[in-house]
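Have a look at the structure below before the remarks.
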2 protein chains.
Amino acid sequence: MYYLGMARTPTTADVFNAVGDAHRRAILETIGGRELGVGELVDALALPQPQVSKHLRVLRDVGLVHCDRVGRRRVYRVHGEALRPIHEWVARFEQLWNDRYDQLDDLLVEMQKGKG
Amino acid sequence: MYYLGMARTPTTADVFNAVGDAHRRAILETIGGRELGVGELVDALALPQPQVSKHLRVLRDVGLVHCDRVGRRRVYRVHGEALRPIHEWVARFEQLWNDRYDQLDDLLVEMQKGKG
DNA sequence: GCTTGACATGCCGATATCGGTATGTATTAT
DNA sequence: ATAATACATACCGATATCGGCATGTCAAGC
């Protein structure tokens, strides 16, 4: 009989996966709050240019970076909001090791009440 | 000439990678704050038992779950603190889309001062 | 126009990864 | 001791993934 199913879950190129790679994380860290061209990333990370470009492509596809064309350069910046799913997912487990944020949430609620 | 280097970065089985897989996340979500045996996970997730066991192995290796032997069962529980690296990494970018937590951090510092 | 610069993309090889099936192992029950 | 339960592990096939190299593309300068 022939093989029909998928061999592995199609890595729905999602944010969790994109951040799973150390080089991709390094790229995001290097860009930080700045706007960097590919060449600057290549210099900073000491990686071959095609590799950086391909990682940037992945990050772009999941919305983690945005890109502007400036002359013949491509200027990349981090779109931090794309990390929100990760933040919220991790937050679901946070209380299992740290209740500080729950305290803070309560506090915030109180503050809002006081202000209103 | 012969090929010498590594073909890819050795997926240093780290927490980021472990959480990159959707099935693994589902396992963590299903366990949640409870203690579950493998069979219960198999039933809940409708996955083959070996697959669940192997994912649990990965989660164990990175410290995301702990395991106790209870009779002939293995009872798994989430060790949420292992998610801290992810939390902290994401937090570094949080200010790029949400400054609420910075406010809260400032507030916490003030509270501690008041208490001390 | 042609060249250069800055980057994206295509192709390839090696391997890590995931799912499936079969089998091993340890513990309880009889 | 034997059998059954609950799970881990081994092995395999298919493919996704990453790194390296070569080439394509597109804007700017001459």
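Proteins get letters first, then strands, A, B, ... in listed order; numbering begins at 1 in each.
Judged by closest nucleotide on DNA chain C, B:Val58 is the one of B:Pro50 and B:Val58 placed further toward the 5' end. When each of B:Lys54 and A:Arg74 is assigned the nucleotide of DNA chain D with its nearest heavy atom, B:Lys54 is the one assigned upstream, toward the 5' end.
Between B:Leu47 atom CG and C:dT21 atom C1' the separation is 16 Å, expressed in whole Å. Between A:Arg69 atom CZ and D:dA27 atom C1' there is a gap of 7 Å when expressed in whole angstrom units. A straight line from NE2 of B:His55 to C1' of D:dT9 spans 15 Å, rounded to a whole angstrom. Distance CD1 (B:Ile27) to C1' (D:dA8): 14 Å, rounded to an integer number of Å. The distance from atom CG of A:Leu59 to atom P of C:dA8 is 12 Å, rounded to the nearest whole Å. Atom CZ of A:Arg60 is separated from atom C1' of C:dT9 by 13 Å (rounded to the nearest Å). When the P atom of D:dC18 is taken as reference, atom CZ of B:Phe16 falls 16 Å away, rounded to whole Å. As a whole-Å value, the separation of B:Asp21 CG from C:dG19 C1' is 11 Å.
The side chain of B:Arg72 lies closest to C:dA29, out of C:dA29, C:dG20, D:dG19. In the set C:dA26, D:dG20, D:dA6, the nucleotide with an atom closest to the side chain of B:Arg73 is D:dA6. Counting only heavy atoms from C-beta on, A:Arg57 has its side chain closest to C:dT9 among C:dT9, D:dG20, D:dC7. Nearest to the side-chain atoms of A:Pro48 among the listed nucleotides D:dA28, D:dG20, C:dA8 stands D:dG20.
A close approach under 4.0 Å does not occur between any side-chain nitrogen or oxygen of B:Gln51 and OP1 or OP2 of C:dC18. Contact check, A:Tyr76 against C:dA6: no side-chain N or O comes under 4.0 Å of OP1 or OP2. Listed pair B:Arg24 / C:dC18 meets the phosphate criterion, a side-chain N or O lying under 4.0 Å from OP1 or OP2.
The salt bridge (Lys or Arg N to Asp or Glu O under 4.0 Å) contacts involving residues 44-60 of chain B comprise B:Arg57-B:Asp61, where partners must be two or more places apart or lie in separate chains. Residue pairs meeting the side-chain hydrogen bond (donor to acceptor under 3.5 Å, both in side chains) criterion with at least one partner in residues 72-81 of chain A, sequence neighbours excluded, are A:Glu40-A:Arg73, A:Asp68-A:Arg77.
Checked by distance alone, B:Gln49 brings a side-chain donor or acceptor within 3.5 Å of a matching partner on the base of D:dA8.
Of the residues in residues 33-42 of chain B, B:Gly37, B:Val38, B:Gly39 come within less than 4.0 Å of DNA chain D through at least one heavy atom, sorted by number.
Remark: side-chain polar atoms of B:Arg25 are paired, donor with acceptor, to backbone N or O of B:Val19 under 3.5 angstrom. The backbone N or O of A:Gly80 sits nowhere less than 3.5 Å from a side-chain atom of A:Arg84 that would complete a donor-acceptor pair.
Cluster membership for B:Val75 and B:Val52, using ILVMFWY side-chain heavy atoms within less than 4.5 angstrom, is not shared. Follow the hydrophobic side-chain contacts under 4.5 Å out from B:Leu47 and you reach B:Val65 in the same cluster. By the criterion of side-chain heavy atoms lying less than 4.5 angstrom apart, applied directly or through intervening Ile, Leu, Val, Met, Phe, Trp or Tyr residues, A:Leu56 is grouped together with A:Val42 in one hydrophobic cluster.
Closest non-hydrogen pair, A:Val58 versus A:Ala18, comes out as CG1-CB, 4.2 Å.
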